[in-house]
Amino acid sequence: MQRRQGAAQSEPRYQQQQSGRLERQGEIKRDTGSESDRQPQKPALALFEQRPLQPLKRMDSAPPWPRPGRSRRSAPICRPARHRQTAPCSKPSHIFTRILPPAGPAWSMRRARHMLHHSAAPTHRIAVAPMTSKVITRFAPSPTGFLHIGGARTALFNWLYARAHNGHMHLRIEDTDRSRSTDAAVAAILDGLDWLGLNWDGEPVYQHRQAARHREIAERLLSEGKAYRCYCTAEELSRKREEAAASGGRTGYDRTCRELARQQDGPYTVRFKAPVDGETVIDDQVQGRVSIPNSQLDDLVLLRSDGTPTYMLSVVVDDHDMGVTHIIRGDDHLTNAAKQSLIYQALGWQIPVFAHIPLIHGPDGAKLSKRHGALGVEAYRAMGYLPEALRNYLVRLGWSHGDDEIISTAQMIEWFGLDAIGRAPARFDFAKLENLNGIYMREMAAPDLLAHLLAAMPHLEGGPELLRRIEVGGTDSLLRALPGLQERASNLQALMQAAGFLFAARPLDIAPKAAKALSEEGKARLRELIPTLEAIGDWSKENIEAALRHHMETTGLKLGNLAQPLRAALTGSTVSPGIFDVLYALGKQESLDRISDQQAG
RNA sequence: GCUCCGUUCGUCUAGCGGUCUAGGACGCCGCCCUCUCACGGCGGAAACACGGGUUCGAGUCCCGUACGGAGUGCCA
């Protein structure tokens, strides 16, 4: 599965183990009540002893059996070990791997950026264990709001996993709750994924359209005696729940209707007949082996009293029908996985591989709320972040590959694996995103950055207006200014604002601070400079700089004395790219005109 | 309440029983570069939640405590 290369010789045994593990998934351990009948938990050590003895330390390849997870309390034997660096690389090193010193001092960011800039798509795919079936993941958002950042990361992980295994990622819109689903939300999700570059395979599946199929499965369960009709009303249920909560008892359904002898009149829901005792085990690729007492699992509702299917039924049926092999989703679904396992079993269907990833928290450690960061991805676009930077930031939230920070999408696909996902929730940190975005912006070739900027401008604050001005003035000056601009901005919004002076109407508005530089003395210096500038034939950066430096030599001025008034006159601000760059970007005529404006004013 | 999950610098993380005097990144502080602002370079402060246990040896394994999170719907 998410094995990496380097352990080919131990593959068969691993496979065996793997399938054995899969079979155990979702199994129900019947609790007979008598101590002697109870299956004793096999200690980890006993399992090891059954295996051929091999030295545990310093192995050249990963051990063929799963090793204990980090702090798995229930059963520390299920999680495939992380073995990232333990296996020797059999394939030609990837560029990043190659330049990473094994244990040396930190390599410079400059070097990282260089690599980022020059890295090509990997030519060698990682060797993965042969799959019995193609990997199919899915992203299944409910269209009750925008695509928030946590959902975006879930989508990313699913996308990455599918791409890494040459599989497919499907998109399913979970809209079984018709009253809360909106078309606008669906559009926002599609648009958000599109912007983030997370393309899905095939057509999106709209869950509510499968309702007939879901109902059919519920009927089947009913006829097989694995589900039953429940005539309790919603009011009764909520009253019982409140009472139970008040008395500190179990809050689940009390199973009043489970053993009803015959059908009654009136509306009913269809409930799943869940096992009452024992426990359900799920083998999670991230959380490890988790067992949940069946007493915690309810006789959940499959069909509402109006005949519509609930989420719990729909996911199982759809995931099965869509051939989903790996379910990667937020760990708020962990207990659902147990419930769903029971349904899979009742239906005799193969249980997919589960991977429940921890949620993203806000800066204060609490669950993300709209107040702090649970913005839709379109908000990140509006703040001027690059999709590839956001992807890089997101993938590092909970997943890591050694000390690597700058990870191109091609590298993510090559390196991504479920085994390197952490179990602790991460907090969202704008400062780091901003930094990452700046790195990506600086590394981008000017024409590419220009394309990104232009595409983002309709979404930026003040972007549409500037866009109109750019349409009139053309992008030539912008393209010339970009190299100087791009290393001064860490998001497109700031970049756009910094570029604003290029398209400002004459005479410029001069900021108060800048006005100070345009004292009488400053203006006089500019006046003296005019002939020098006029004399420049070929308006190239080199010529401009040479002319200015010559001018300083003859006048005895320092660059600082000249640059600030010039900057003020040219940009109306005290902050701008290097003054030679500004002159070059603006062009000869515009530069001279702006200087003249100040002489008049 | 019950069930499940988690806890390494402020934040994201590396760590797979000895190589940990705990590494990297962001942020912060200082210095350098410099025409402004940035970029960049160099340096610094900063963490194994707590208590037991296992072991010759624990950040790493086990148990407990504290704290945090999730679930506990005719929501998804």
Side-chain angles (χ1 to χ4, degrees), chain A residues 44 57 67-68 70-71 73-74 76 81-86 103 106-110 140-142 144 174-177 180-181 207 230 232-234 237-238 241 244-245 247-252 267 269 271 287-288 290-293 295-298 300-301 303-306 308 310-312 314-315 330-336 338 356 358-359 361 363 365-367 393 396-406 422-429 431-436 438 442 486-490 498 517 558-564 566-567 573-580:
Chain A
K57 293 175 191 170
R67 292 163 60 194
R70 254 199 305 233
S71 55
R73 238 178 292 161
S74 41
R82 296 175 164 206
H83 45 72
R84 189 164 41 245
Q85 307 290 15
T86 55
W107 52 323
S108 69
M109 289 306 284
R110 168 179 286 280
S142 64
T144 51
E174 309 232 308
D175 53 0
T176 52
D177 186 349
R180 299 205 308 161
S181 302
Q207 192 161 56
C230 170
C232 298
T233 64
L237 257 20
S238 69
R241 224 187 333 270
S247 64
R250 190 177 164 280
T251 50
T269 62
R271 298 191 97 111
Q287 304 292 334
V290 178
S291 48
I292 295 168
S295 60
Q296 295 300 315
L297 275 18
D298 236 346
L300 55 272
V301 171
L303 246 35
R304 300 189 184 93
S305 50
D306 65 1
T308 58
T310 61
Y311 160 80
M312 212 61 79
S314 300
V315 250
D331 72 6
D332 49 337
H333 285 285
L334 191 55
T335 19
N336 288 342
H356 288 91
L359 268 18
H361 287 176
K367 192 181 179 180
Y393 177 73
R396 285 284 293 108
L397 242 36
W399 176 85
S400 62
H401 182 271
D403 283 336
D404 297 314
E405 296 285 350
I406 313 295
R423 287 191 277 271
R427 300 186 189 197
F428 195 91
D429 181 14
K432 189 151 185 174
L433 205 212
E434 185 83 14
N435 173 271
L436 220 40
R442 266 169 255 133
Q486 69 192 101
E487 61 187 44
R488 289 173 169 75
S490 52
K558 281 186 176 176
L559 185 51
N561 303 108
L562 196 57
Q564 276 312 83
L566 202 43
R567 191 183 326 275
S573 161
T574 54
V575 177
S576 84
I579 201 65
F580 307 126

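Reminder, nothing fancy here: chain letters follow the sequence lines and each chain counts from 1.
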### Query
For A:Ala431, does its backbone N or O pair with a side-chain atom of A:Asp429 as donor and acceptor, under 3.5 Å?
yes
### Query
Any sub-3.5 Å donor-acceptor pair from A:Arg567's side-chain atoms to A:Pro577's backbone N or O?
yes
What does the list of N/O pairs under 3.5 Å between the protein and nucleotides 30-35 of chain B look like, with a distance for each?
unit_1 : atom_1 : unit_2   : atom_2 : d
B:C35  : O2     : A:Arg567 : NH2    : 2.4
B:C35  : N3     : A:Ile579 : N      : 3.2

Atom-pair distance ([atom1] on [X]; [atom2] on [N]), nearest Å:
X        : N     : atom1 : atom2 : value
A:Leu359 : B:G69 : CG    : P     : 12 Å
A:His401 : B:G24 : NE2   : C1'   : 14 Å
A:Ile292 : B:C2  : CD1   : C1'   : 13 Å
A:Tyr311 : B:G71 : OH    : P     : 12 Å
A:Asp404 : B:A14 : CG    : P     : 12 Å
A:Leu237 : B:U72 : CG    : P     : 14 Å
A:Asn435 : B:C28 : CG    : P     : 10 Å
A:His361 : B:A70 : NE2   : P     : 6 Å

Polar pairs (N or O, both sides) under 3.5 Å between protein and nucleotides 10-12 of chain B?
unit_1 : atom_1 : unit_2   : atom_2 : d
B:C12  : OP1    : A:Arg427 : N      : 2.9
B:C12  : O2'    : A:Arg396 : O      : 3.0
B:C12  : O2     : A:Lys432 : NZ     : 3.2

Separation between the [atom1] atoms of [N] and [M], rounded to whole Å:
N     : M     : atom1 : value
B:G1  : B:C39 : P     : 49 Å
B:A45 : B:C29 : C1'   : 8 Å
B:G10 : B:C5  : C1'   : 24 Å
B:U3  : B:U19 : P     : 39 Å
B:G15 : B:C61 : C1'   : 15 Å
B:G24 : B:G69 : C1'   : 27 Å
B:A70 : B:C31 : C1'   : 47 Å
B:U60 : B:U7  : P     : 11 Å

### Message
Just confirming the chi classification of B:C39, syn or anti, using 90° around 0 as the syn window.
### Response
syn
By nearest atom, which of the nucleotides [options] is closest to the [X] side chain?
X        : options             : result
A:Ser305 : B:G40, B:U36, B:C74 : B:C74
A:Pro293 : B:C26, B:A76, B:U3  : B:U3
A:Arg423 : B:G73, B:G6, B:G71  : B:G6
A:Leu334 : B:C5, B:C74, B:C39  : B:C5

### Query
Can you tell me if A:Arg180 and A:Thr144 form a side-chain donor-acceptor pair at under 3.5 Å?
no
### Query
Would A:Asp177 and A:Tyr311 count as a side-chain contact (heavy atoms from CB on, under 4.5 Å) if you check the C-alpha gap in whole Å, the side-chain angles of each, and the deciding distance to 0.1 Å?
CA-CA 8 Å; A:Asp177 186 349; A:Tyr311 160 80; over 6 Å; no
Select base, sugar-phosphate, or nothing to describe what [X] touches, counting heavy atoms under 4.0 Å on all strands.
X        : answer
A:Cys232 : base
A:His333 : base
A:Ala234 : base
A:Asn561 : nothing
A:Thr233 : base

### Task
Please lay out, stage by stage, how A:Thr335 and A:Gln296 fare under the test side-chain contact (heavy atoms from CB on, under 4.5 Å).
CA-CA 9 Å; A:Thr335 19; A:Gln296 295 300 315; over 6 Å; no
Confirm from the modelled atom types if [X] and [N] form a donor-acceptor pair under 3.5 Å, side chain to base only.
X        : N     : answer
A:Asp403 : B:G23 : yes
A:Arg488 : B:C37 : yes
A:Ser576 : B:C37 : no

Does a nitrogen or oxygen in the side chain of [X] sit under 4.0 Å from OP1 or OP2 of [N]?
X        : N     : answer
A:Ser400 : B:A14 : yes
A:Arg241 : B:U72 : no
A:Thr335 : B:C4  : no

### Task
Scan every strand shown for a Watson-Crick or G-U wobble partner of B:U3, both distances under 3.5 Å, and answer none if you come up empty.
B:A70
### Task
Answer whether the closest heavy-atom distance between the side chains of A:Thr176 and A:Thr310 falls below 4.5 Å.
no
